[in-house]
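Source: prediction; values computed, not measured. Reminder, nothing fancy here: chain letters follow the sequence lines and each chain counts from 1. The basis for the numbers below is simple: all heavy atoms, side chains too, and nothing from hydrogens, waters or symmetry mates.
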Amino acid sequence: MIENLVIVESPAKARTIERFLGKDFHVKSSFGHIRDLTKKNLGIELDNKYKPQYIISEDKKKIVAELKKIAGEAKIVWLASDEDREGEAIAWHLSEVLNLKTENTKRIVFHEITKSAIQAAIQQPRGIDQNLVNSQQARRVLDRLVGFELSPILWKKIQPSLSAGRVQSVAVRLLVEREREILSFKPAASYKIEGIFMFLDQDGQERPFKAEIPKRFPSKQKTLEFLNKNKDAEYVVTNIEVKPAKRWPSPPFTTSTLQQEASWKLGFSVIQTMLVAQKLYEAGKITYMRTDSVNLSNLALSAAKKTISNEFGNEYIKIRKYKTKAKGAQEAHEAIRPTYLQNKSIDGAATEKKLYELIWKRTIASQMSDALLEKTVATIDVSTTEEDFIATGEVIKFDGFLRVYTESKNEEAEGKKKNILPLLKINQTLTNKSILGIEKFTQPQFRYTEAGLVKKLEELGIGRPSTYAPTISTIQNRGYVVKEDRPGSERKINLIRLENKVITEEIQTEFAGREKGKLFPNDIGMIVNDFLVDHFNDILNYNFTAKVEKEFDEIALGKLDWTEMIDEFYQSFHKKVEETLKCSEKKTGERILGEDPVTGLTVLVKMGRYGPVAQSGDAGKDKKPRFARLLKGQLIETITLEEALNLFKLPRIIGAYEGKDVIIGVGKFGPYIRHNDKFYSLKKGIDDPLTIEIERAKELIEEKRKSDRKKVIKTFSEDPDILILKGRYGPYLSYKKKNYRIPKAKDPGELSYEESLELIKKGQKSSTKNK
DNA sequence: CAGTGAGCGAGCTTCCGCTTGACTT
């Protein structure tokens, strides 16, 4: 007979709690939700008050059976899932599925996994909060209705297998709208004026420092005029202002801020951050990594105090309590922090070490003193003009938390940029070394990184810590958006310099629009977005989630019946679904670019069956139209007639090599060279399929042949189709375009022909078995 | 790994939020 069974969501949590509770308590985990709506159909009985049809998920059957058995033997079952909507629902599903009786079932909650918090929770059990459960059912049913009624419209009207949902569709909308802002942005040029002045140090050394004219000059002409006036100018310091300033640390990490900082400082994708964090959590090194709370337990606060005192001294301690600002935060957990704050670093993989140290620094810094600064602003009068130069400098008087953590900035770059300002005095005259007029262009808005999009979604209250990373993956997997680097384009900028009373001009080049690891919407993302915004504006509205969240809150308080809320929504929503299915045309995003000046045929671009294509000629009236795939980076929305006409120049024969034609084309995976029935990819960003010449093509062919030869470990004279190759995951066997595993114990170089045949036979058998 | 684009039709796709393994071609 078991005295007590405690059920929590996570196995790692179960292990920790079991230690705290002692022998009488058996702690098990449910591994999250155990039931969900059936996937076979809508899973909601529309004519029966939206009754959800729950089934036990396939991968949970085993654990449910086990829990059922133990629960039957236990005297008391403690449901200890999280204290939020989803946690309450998990507790309720457990009590339903395990047939728990109210008299021996107790619901307990705690916000932090510390011994005292858990013991306190045990002292204050309650029943299941059905209102809170109902708010979760409303959330679940609403998301299912939206997702499972919108997606099929897209399959009919745009393309199969597409998807739409309350969260993902808004995420795509953010990216599409930002992209359009950037595409339509017209950069404006102006001139920034920087002067280098010399200052005689106490030890007789001349030191340069920088000052700027606060306003921008609108044209080159005005800049030249200003520089000319400076040829015979004198410079006097007319004002010095010294102001104290303060900087304070950021709160400890939540899921969203951890993803942002890991992206910025360590270059991690949001998925990578979560995978590494999961590892650290399972090893007991950090607290739970899916949280929206910035709260630290009292235990953590006192550990932080001790650690800071030991490491930096008492003057660096400032214990702070942070409040969550995020919309819709449910705060079931602590902030993400090291379990043991005295451990500054850990053993483990390089990525784990780096992420741990980031978390340690952020947590410790959050409990450290403000940094005290002194900002100096000096005004330098120019005798010949009305403009004044302004020099600013900043000195750190007390580093405080900056000793361990600088936020969201590349620390080295920041250090380099800082202007060291000398101790100037009023009425002091200065000598000018040079003045530079630099042409500056206004910048469009930034494109989103994965983590930047998560930040935006969190601000809008859309999505939860457990779904940020999956959402980012979904919109990429559907092809709506792509994460990539873009080289940008060169741009000339004017530089005008005054030095030794002589004005010189030079032209520099800079890269505009260079992007690294940013999210770009694809054509299909734009088409789907426009379609949804057209027909379902209310759901695509950035405030839709906030609006329904308010209603979920009312349901949780018992002020609103969940089925009534759903009914209110569904009546009008479903009507729109029907209308849209009936009325709207199939959408291809078609755009007519104009006429081919040579053939006179209409040229258009649209979404074809296999992706965006350009089409020359009308299917109805002309003879068979020609098609050409758009190149990567080209958008239906922005491609020009000229660019589209160029696409029809492919495939093209550029010459011959070894007696065979060399043909350039564009395929599913980008531009390629075809030679003797073999394909060779062009180099991304280096080779242009429209201009590549035969010599370069030969080079690429030879390069590929060389690297293929390197891959081969062994061949057999008995059958040249069998190849032992070196792959990404180690050696493998390749035979007629199929790959087979080589047992780890075998030295691939020693594999015999007979053994290879054996492996192929075995591999074919097991692959049919798996199906 | 690669070049397609007519049309028919069966059968499939899909949501968000909780949680980890079992997979490694």
Engineer: If I take atom OH in residue A:Y480 and atom C1' in nucleotide B:dT13, what distance separates them, rounded to the nearest angstrom?
Structural biologist: 11 Å
Engineer: Between B:dC12 atom C1' and A:L154 atom CG, what is the distance in whole Å?
Structural biologist: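 Computing the A:L154:CG to B:dC12:C1' distance gives 16 Å.
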Engineer: With nearest nucleotides of DNA chain B determined for A:S151 and A:G611 from heavy-atom distances, which residue corresponds to the more 5′ nucleotide?
Structural biologist: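 Result: A:G611.
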Engineer: Are A:Y672 and A:Y680 near enough that their ring centres are under 6.0 Å apart?
Structural biologist: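 Judged by ring-centre distance (under 6.0 Å), A:Y672 and A:Y680 do not meet the cut-off.
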Engineer: Can you work out whether A:S163 or A:P671 has the more 5'-proximal nearest nucleotide on DNA chain B?
Structural biologist: A:P671
Engineer: Has A:R609 got a side-chain N or O lying under 4.0 Å from the OP1 or OP2 atom of B:dA6?
Structural biologist: no
Engineer: Classify the nucleic acid contact of A:S161 as base, sugar-phosphate or nothing, counting any heavy atom under 4.0 Å across all strands shown.
Structural biologist: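 Contact class for A:S161: base.
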Engineer: Using whole Å, what does the distance between atom C1' of nucleotide B:dC12 and atom CG of A:N41 come to?
Structural biologist: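 Those two atoms, CG and C1', are 15 Å apart.
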Engineer: Which part of the nucleic acid, if any, lies within contact of A:L162, taking any heavy atom under 4.0 Å across all strands shown: a base, the sugar-phosphate backbone alone, or nothing?
Structural biologist: sugar-phosphate
Engineer: Taking side-chain contact (heavy atoms from CB on, under 4.5 Å) as the criterion, tell me which of A:L79, A:I7, A:L5 meets it with A:L100.
Structural biologist: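 Filter result, single survivor: A:L79.
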Engineer: When all nucleic acid strands are considered with a 4.0 Å heavy-atom cut-off, which category describes A:G608: base, sugar-phosphate, or nothing?
Structural biologist: base
Engineer: If stacking means aromatic ring centre less than 5.5 angstrom from the base's six-membered ring centre, planes under 30°, is A:F627 stacked on B:dT4?
Structural biologist: no
Engineer: Does the pair A:E352/A:K285 count as a salt bridge with the N-to-O cut at 4.0 Å?
Structural biologist: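 Between A:K285 and A:E352 there is no salt bridge, as every charged N stays at least 4.0 Å from the carboxylate O atoms.
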Engineer: In this structure, how many angstroms lie between the C1' atom of B:dC15 and the OH atom of A:Y50, rounded?
Structural biologist: 17 Å
Engineer: Using a 4.0 Å heavy-atom cut-off across all strands, classify A:T474 as base, sugar-phosphate, or nothing.
Structural biologist: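 Result for A:T474 = sugar-phosphate.
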Engineer: Could you check whether A:G43 gets within reach of a base, just the sugar-phosphate, or nothing at all, counting any heavy atom under 4.0 Å?
Structural biologist: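 A:G43: no heavy atom of the nucleic acid under 4.0 Å.
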Engineer: Quick one: what's the B/S/- string for nucleotides 17-23 of chain B, heavy-atom cutoff under 4.0 Å, read 5' to 3'?
Structural biologist: BBBS---
Engineer: So, A:K60 side chain and A:F31 main chain: donor-acceptor pair closer than 3.5 Å or not?
Structural biologist: yes
Engineer: A:Q136 has an atom CD; how far is it from atom C1' of B:dC15, in whole Å?
Structural biologist: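 It works out to 13 Å between those atoms.
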Engineer: To check you understand the geometry: which heavy-atom pair defines the closest contact between A:R166 and A:V146, and what is its length?
Structural biologist: N-CG1, 4.0 Å
